[in-house]
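The structure appears right after this line, and notes come after that.
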Number of protein chains: 2
Amino acid sequence: MKEIGNIGFVTPHTYRFDTPIKLQNGHILSQFELIVETYGELNAERNNAVLICHALSGNHHVAGYHHSDDKYPGWWDNMVGPNKPVDTNRFFVVGLNNLGGCHGSSGPLSVNPETNQPYGANFPMVTVKDWVNSQAMLADRLGINQWAAVMGGSLGGMQALQWAIDYPQRLRHALIIASAPKLSTQNIAFNDVARQAILTDPDFCQGQYNQQNTIPRRGLRIARMMGHITYLAEDGLGKKFGRQMQQDNYQYDYNIEFEVESYLRHQGEKFADAFDANSYLLMTKALDYFDPARDYEDDLIKAVQRIEAKTFIASFSSDWRFSPKRSQELLDALVAAKKSVQYIALESANGHDAFLMEDEHYLAAIRIYFNNIAQELA
Amino acid sequence: MKEIGNIGFVTPHTYRFDTPIKLQNGHILSQFELIVETYGELNAERNNAVLICHALSGNHHVAGYHHSDDKYPGWWDNMVGPNKPVDTNRFFVVGLNNLGGCHGSSGPLSVNPETNQPYGANFPMVTVKDWVNSQAMLADRLGINQWAAVMGGSLGGMQALQWAIDYPQRLRHALIIASAPKLSTQNIAFNDVARQAILTDPDFCQGQYNQQNTIPRRGLRIARMMGHITYLAEDGLGKKFGRQMQQDNYQYDYNIEFEVESYLRHQGEKFADAFDANSYLLMTKALDYFDPARDYEDDLIKAVQRIEAKTFIASFSSDWRFSPKRSQELLDALVAAKKSVQYIALESANGHDAFLMEDEHYLAAIRIYFNNIAQELA
């Protein structure tokens, strides 16, 4: 029996790009950096590389540990590692922090070479297309002409879809998990509330809060608390917390009364400690703007017509942020365009966050899919 | 053919109560006022009175107009009026602003007689039970021993249910619309985010914002924007706004891009202009605390065992704040307790707010129900 293990200790590496990149909004970044982690070995044929694209609050640290005192491994450690569904004994797996992020790639926290000041709110707005273009430059740098697969959940799945449309020759498989071909009205509405919470926080200081030695904590907290509710399902939330109280009797004040309040506020505080507000704002706009059909007369079938990769779609029954219906839209377009597509509709009580969680059927489906990709390599 | 008309001009009336009321949290209000509107005439038998209970942001102004330049009539004008479903030619209809409200009844904006200062955040926390008790005192004052019906949507439906449990002899019908026997974990979670947005707004000033000549507008705006999304359904929102933009091209900034953002922000501003933050906080806590089964060993069947009124339950298919499943819970308990109950599960794309909207089947169902009540009077 094979040992299923953690990848162990990993060290990120920063790649610097001096070739200018023209962004979708017309802005040209004359130089930028991407922080990257890789797991496993690129084979001699250079055809076993897998790109993992992160979601709203993710980063390059996909699997393994940085330090012996790390409490948690990378965010998709249950998916990526030796003999795990994305098996690092067979695949060379690449994780990166997207442009505009706050974990080491060029973004609002970086110094603008033109002013020698941190960009802050002046970092240009980036889109999913921009991310894919920058990831293609990274692939060039790593000597990867064609990915075995590009894979992601949520906003990460959108990048996988955009890759398949924009660079049809450069990937053989696209895995689009808990995602959607564009945001719904409700999705956009929730994003706007989250942004308004941050933008109207007096500590936001027009985005130059770092120069003022402050952080828009209130806004980040509220944005994350609300977001967190929408990432979970009533089912899972109800099973975990129900109406459990911190004390036996109602307290009749505004302190924490129910356990779920304590949990949510903790999530809010953690996020406000860890995430940059300007990056958060940028990322939510990238979500809003994502709409690959827009370049093809608003016709998703036309947009996916370009795809040459085989596609794999997964959705989760209780995900109401990107519901199974949204995956079905993409499936329908791919079928109408006569593309190779597999779709698995998973049962889960864990809502949108299910794509990050342990689930036997989900992980088995991905494992089988990657086993098939591995056989193509042999 | 009968003319279906608006009730015309109405004038609210304020009732002062000098009998102390003991609240559920132990606090005693030595005196209080309730602002009330009535429509139609109380008959000689005093048996045609209908109490309308309001939801989170409602008030006593149920139907008709106050002034000739009023833009809109009362909040349930499509339901209450001459020859409307709740027909004021036959019924004496009573609307009030609940205790703790901000539209004329005693609440945070009122002067505390003990200090001669506005209560502000010191107004005691009130519960659905407290509201029902104060409404029973109002019934006494109006000479109404038994309501023909007590009726409400959402938080208003909770009051109708509590009435039926706490004062079984004092109502013949309870109409519980788009409601639930208690909040779900997700409901509580959304309420906590809304409260946190207000409580952490620097302009909240520990609830004494009026003395500081300020208003926690930011918090109220965010609370309402988020709340508003949850009152509507993706279906309705999508049909109304879709991904319509204000300009043809993406602007790549944080100004309004999509129409739904404009709509939501407008709702937020309107609410911040009109609603008192302390009242809003109180009302959301009343929602959280509502759980009539709690007094009956957490057994809803036992709680409803006391009911003598006939009950009518209505739910709306796309209401995900208080989904049809929540109405079904109440239905199941009433059936198990062998009570008289009618349940209508309505199709609607309008989410939770459907209970306030024009809908032919919904209004017809209420009309038929009240026709039957009217026949009992004859």
Between the side chain of [X] and the main-chain N/O of [Y], is any donor-acceptor distance below 3.5 Å?
X	Y	answer
Y254(A)	Q196(B)	no
R218(A)	D201(B)	no
Y289(B)	Y250(A)	no

What are the two closest heavy atoms between [X] and [Y], and how far apart are they?
X	Y	value
D253(B)	M125(A)	CA-CE, 3.7 Å
L183(B)	R243(A)	O-NH1, 3.1 Å
V193(A)	M225(B)	CG2-CB, 3.7 Å

Side chain / backbone / both / neither for [X] at chain A, heavy atoms under 4.5 Å:
X	result
Q24(B)	both
R217(B)	neither
D288(B)	both

Structural part of [X] lying under 4.5 Å from a heavy atom of chain B:
X	answer
K240(A)	neither
L237(A)	both
F190(A)	both
S323(A)	neither

